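Here the structure is a predicted model, which means the values were calculated and not measured.
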Amino acid sequence: MGVSAGFAVLAAFSLLAGLPEGVLALPLGPPWGAASLALDGLSAWFLLLLGMVGACTSLFALGAPPGPARSLPPFPLLLAGMALSLTAADAFLLLLGLGLAALAAGALVAVEHGQAEARMAARRHLILAALAAGCLMPACGLLAGPAGAYDFAAMRGVPPEGWRAGAVLALGMLGAGALAGQLPFAQGAAPGHAAALLSGAMPGLTIYVLARLLADLCGPAQPSWWGLPLLAAGAVSTLLGALQALREEDGQSLLAWAGIGHLGLAVSGLGLALAFRGADLGALAGLAAGAALLQALGQGVFMALLVLAAGAVAHTAGSRKLDRLGGLIHAMPVTAACTLIGVLAASCLPPLSGFAGAWLLLQSVLAGWRVGFIGFQLAAAAATVLAALALALVAAAMLRLFGMAFLGRPRSPRGAGAHEVSRPERWAMLLPAGLTLLLGLFPGVLLLLAEPALGVLTGRAAAPVRDLALLAGDRPAAYAPLVLALVLALSGGLLAWLLRRRSPLAAARGPAWDGGFIAPPDYLPFGDPLTQPSASGLAQPLRRLLGEPRAA
């Protein structure tokens, strides 16, 4: 926990006070030279995310029930591998860090309870990790050029051209896609704290790899069509992740696919930034890059919060299946409140952290017509529709998750006897919940902090911020979250006061969501199962739309 907090403090101090100059040479490395570490604006931004998520997940692990002893070493190795890849100043350490993180995640999945499903998930995870390595290694080799310069400073001096540039783009996207594809397998089977670290930090690491390879090392002279594959891949992955999240019946798997959907939004923002930069639209490139950075940071915090809450529910209610949960809002009030904050942020509702990045992305994609390329303009219009549909589906999935787990009646004796988790686990959820609120209320401060990262991505370090409000490029539209939060608080408080004042009935405690049915009889304390909404039943309209057979 202390090491993770140190990462966050180091990154924040570097972004505020100035980044250290030069590189730190290590007394080890490959045969052709020593490896080195460095911290620039891009790596400091994602190291800040890793530090915050790592500190919260480590605190959660301290209070969680002890697991198998063989599951203890891989967690710090996972954290170290991610930190090494983020602070690497050469391709060797970048790939070494990614490899260590992949091996540690695979080990965490394989040792969890020794289940056959976990071992299968570990094999799939390692296959995808091998695919990522098989794509990223030749991509770095092409960036090194004929001289074999593997450090980043030398790579920037000889950006790829022609077929080499196209190959780097294709290999980089395939490698990053394989990194992101590990999430559903690893997160769905890993222990709660390790799954939270993966869900919070791995999407950010994927964005970092894409940004480092395609936006930084390939140079600023790439054409605007370079953003088109990223925009298309981001839009498709957002929609597919949202569709799968709405169909999942396991809470942790649902969150893994929802994370894929949010990751697609950040990838789309990065693609827009590359397109605008290639078209010499610096202000719009900064707007899109800011959207990608805010989306990556916000997603990392609220997805880690939701996965920690899912782990807490699994500890005390005994299941991750939505059909085995219910009524936990009274038994676990702190967990329910933290989950509600995470659910609202994942639904991209203002003024929480999920909204600012999505708003900037929407403003960026609406400006896609400024790129003088008809194919990109059509792709931007299609991406707008897909992103809007995907966000609606993610919001529906989050509503289903919170409604079935925390509202209604208990569906099992273990769920009825659930209790609040330990104090360290509660604090581990309260910290990211508070960060979700702060990041949502002060996105302008975050973008000002991210100016060094914006400089790496676009060559233009000016953040689209004025008086702590986010600006929509050169248009007059702006987003002021503090004003919006005040309006929502006043209107919500007034509405609650009027309801209590004018209600003809006295306040009574009962299920927050009863499905429209009467109270269960004494001989059925959990109610008739047919009167409780099921996970598959709530997803039935989508299943029928997709042509799947009717649920039993």
Side-chain angles (χ1 to χ4, degrees), residues 1-24 26 35-59 75-91 93-101 104-105 152 176 179 196-213 215-217 263 266 270 289-290 292-301 303-304 353 357 431-432 435 438-439 445-457 461:
M1 177 181 174
V3 174
S4 298
F7 288 156
V9 171
L10 173 64
F13 181 79
S14 299
L15 292 171
L16 284 171
L19 295 164
E21 298 181 359
V23 298
L24 174 64
L26 301 178
S36 56
L37 300 175
L39 198 64
D40 63 357
L42 190 63
S43 58
W45 180 262
F46 289 99
L47 187 65
L48 174 65
L49 169 61
L50 177 63
M52 292 190 297
V53 173
C56 296
T57 54
S58 300
L59 180 60
F75 182 75
L77 184 62
L78 173 63
L79 186 63
M82 290 182 174
L84 183 63
S85 60
L86 290 175
T87 56
D90 56 71
L93 282 186
L94 173 66
L95 297 174
L96 178 62
L98 292 176
L100 289 176
F152 293 161
L179 285 177
L197 180 59
L198 287 169
S199 65
M202 186 59 77
L205 186 59
T206 302
I207 296 297
Y208 171 79
V209 170
L210 276 174
R212 180 65 73 191
L213 293 181
D216 179 27
L217 299 181
L263 174 61
L270 184 60
L293 293 176
L294 282 183
Q295 180 65 30
L297 187 68
Q299 173 193 358
V301 175
M303 289 307 301
S353 61
L431 286 176
L435 285 173
L438 287 176
L439 298 181
V445 176
L446 284 177
L447 274 189
L448 292 175
L449 192 68
E451 284 186 340
L454 292 175
V456 174
L457 293 177

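- A side-chain contact (heavy atoms from CB on, under 4.5 Å) with V53 holds for exactly one of L48, L197, L198, L435; it is L197.
- Here the shortest heavy-atom pairing between A176 and T206 reads O-CG2, 3.4 Å.
- The distance from the CH2 atom of W45 to the CG atom of L294 is 5.5 Å, given to the nearest 0.5 Å.
- Side-chain contact between L79 and T57: absent, with no pair of heavy atoms (C-beta onward) separated by less than 4.5 Å.
- Contact between Y208 and A88 at its shortest, heavy atoms only, is OH-O, 4.4 Å.
- A11 approaches A44 most closely through the heavy-atom pair CB-O, 3.2 Å.
- The CG atom of L86 sits 9.0 Å away from atom CG of L42, with the distance rounded to the nearest 0.5 Å.
- Proximity of M52 to L297: side-chain heavy atoms (C-beta onward) are separated by under 4.5 Å at one or more points.
- Atom CG of L205 and atom CG of L50 lie 8.5 Å apart (nearest 0.5 Å).
- With a 4.5 Å cut-off on side-chain heavy atoms, R212 and V209 do not count as touching.
- Smallest separation of non-hydrogen atoms from A12 and L449: O-CD1, 4.5 Å.
- Between F152 and L94, some side-chain heavy-atom pair lies under the 4.5 Å cut-off.
- Annotation: the span from L179 atom CG to S85 atom OG amounts to 9.0 Å, rounded to 0.5 Å.
- Minimum interatomic distance between L457 and A215 (heavy atoms only, all atoms of both residues): CD2-CB, 3.8 Å.
- Nearest heavy atoms, A38 versus A89: CB-CB, 3.7 Å.
- Taken to the nearest 0.5 Å, the CD1 atom of I207 stands 9.5 Å off from the CG atom of L293.
- Counting only heavy atoms from C-beta outward, the side chains of P452 and D40 never approach each other to under 4.5 Å.
- A distance of 12.0 Å separates CZ of F7 from CE of M82, quoted to the nearest 0.5 Å.
- In this structure, S43 contributes its side chain and L39 its backbone to no donor-acceptor pair below 3.5 Å.
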